[in-house]
> 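Have a look at this one.
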Protein chains: 2
Amino acid sequence: MVIKTFKALAEPNRLRIVELLKEKPYSVNEFAELLDIRQPQASKHLKILNEAGMVFVNTVAQRHIYSLNPESFCQLDEWINSFSTLWNNRLDNLDTHLRKTRKDQDGTY
Amino acid sequence: MVIKTFKALAEPNRLRIVELLKEKPYSVNEFAELLDIRQPQASKHLKILNEAGMVFVNTVAQRHIYSLNPESFCQLDEWINSFSTLWNNRLDNLDTHLRKTRKDQDGTY
DNA sequence: ATAGAATATTCTTGTCAAAGAATATTCTAT
DNA sequence: ATAGAATATTCTTTGACAAGAATATTCTAT
């Protein structure tokens, strides 16, 4: 169900959150500050990322520290690798395919 | 601008289109049939995928044959690989981290 | 030139999701 | 126990986008 991951990443604040988490974990309020949004929105976005399995929580006192969940990135990597024939093995096949269909075209290619 | 790619893939029909294109190129009407949607929606979805740079058109007579654009998948692959330290180099660090924080989680792990 | 095939565009409607605002919950000090 | 800090939830409003419906455009045969 990789589409849940795409939906989670299709929002600017959440994409930013994920990229910030590449450096280190952050708390909810830290995200609110870094993204210049209010705390409730930060909570909501983190909840969505959490439900998408991209993030997990680490409770320290009242603070909820969020970190990246490698698992979901693994799956995403696998999904993309299922397309890897596009730019690896079949680069020649693609070329021949284009060459083959070129004659069917009106010269705009 | 990888977020445009995520937005494009965050819709079930478009995700399906991309996965169908993994096999071979298709025309607009073929997508409409395969996805059981009407032709205009197929056109619109393909337009969005095209504007996101994930797909390119090959005009054959009146038919518009759509194929995957490897470039965008390359970029997506690069984006994900920028997170690769998550599941490669630091697998041991992650393991000890999880071991340390496991008691704070809700048991779904 | 005309008809038909294939695709694209426009406009409207309905739905879902993000933001705002207020409040609730949870935890920790004292 | 209580106050305050940190986070979560609820409700409403707003905006974006997908679907529907109708029509327009483009191209190809004849």
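The analysis underlying the following values was restricted to heavy atoms, covering all of them including side chains, and did not include hydrogens, waters or symmetry mates. Naming: A, B, ... by sequence-line order, numbering from 1 per chain.
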> Let's test this: given Watson-Crick or G-U wobble pairing with both distances under 3.5 Å, identify the partner of D:dA16.
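Across any shown strand, D:dA16 pairs with C:dT15.
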
> May I have the distance from B:E30 (atom CD) to C:dA5 (atom C1'), rounded to whole angstrom?
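Rounded to the whole Å, the gap is 14 Å.
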
> Using whole Å, report how far CD1 of B:I65 lies from C1' of C:dA5.
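The answer, rounded to whole Å, is 14 Å.
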
> Would a hydrophobic clustering, with Ile, Leu, Val, Met, Phe, Trp and Tyr connected at side-chain separations under 4.5 Å, put B:V57 with B:V28?
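Both belong to a single hydrophobic cluster.
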
> Tell me whether A:V55 is reachable from A:I65 by hopping between hydrophobic residues (I, L, V, M, F, W, Y) whose side-chain heavy atoms are closer than 4.5 Å.
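Different clusters: A:I65 never reaches A:V55 through Ile, Leu, Val, Met, Phe, Trp or Tyr contacts under 4.5 Å.
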
> Touch check for A:Y66, heavy atoms < 4.0 angstrom, all strands: base, sugar-phosphate only, or nothing?
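Sugar-phosphate, no base atom in range.
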
> Go along nucleotides 18-30 of chain C 5' to 3' and tag each nucleotide: B for a protein heavy atom under 4.0 Å from its base, S when only backbone or sugar atoms are that close, - otherwise.
SBBBB----BS--

> Just name whichever nucleotide pairs with D:dA29, Watson-Crick or G-U, keeping both distances under 3.5 Å, else none.
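Looking at the geometry, D:dA29 pairs with C:dT2.
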
> Is B:L46 reachable from B:L20 through a run of I, L, V, M, F, W or Y residues, each pair having side-chain heavy atoms under 4.5 Å apart?
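In one cluster with B:L20: B:L46, yes.
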
> Which word best sums up how the rings of B:F73 and A:F83 line up, parallel for under 30°, tilted for 30 to 60°, or perpendicular for over 60°?
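B:F73 and A:F83: parallel rings.
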
> Where do A:R14 and A:K7 come nearest, in terms of heavy atoms and distance?
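Residues A:R14 and A:K7, closest heavy atoms: NH2-O, 3.4 Å.
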
> For C:dT9, give the paired nucleotide (Watson-Crick: N1-N3 plus N6-O4 or O6-N4; G-U: N1-O2 and O6-N3; both under 3.5 Å), or none.
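Per the H-bond distance test, D:dA22.
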
> Are the side chains of B:H64 and B:S27 in touch, meaning some heavy atoms are under 4.5 Å apart?
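They are not in side-chain contact.
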
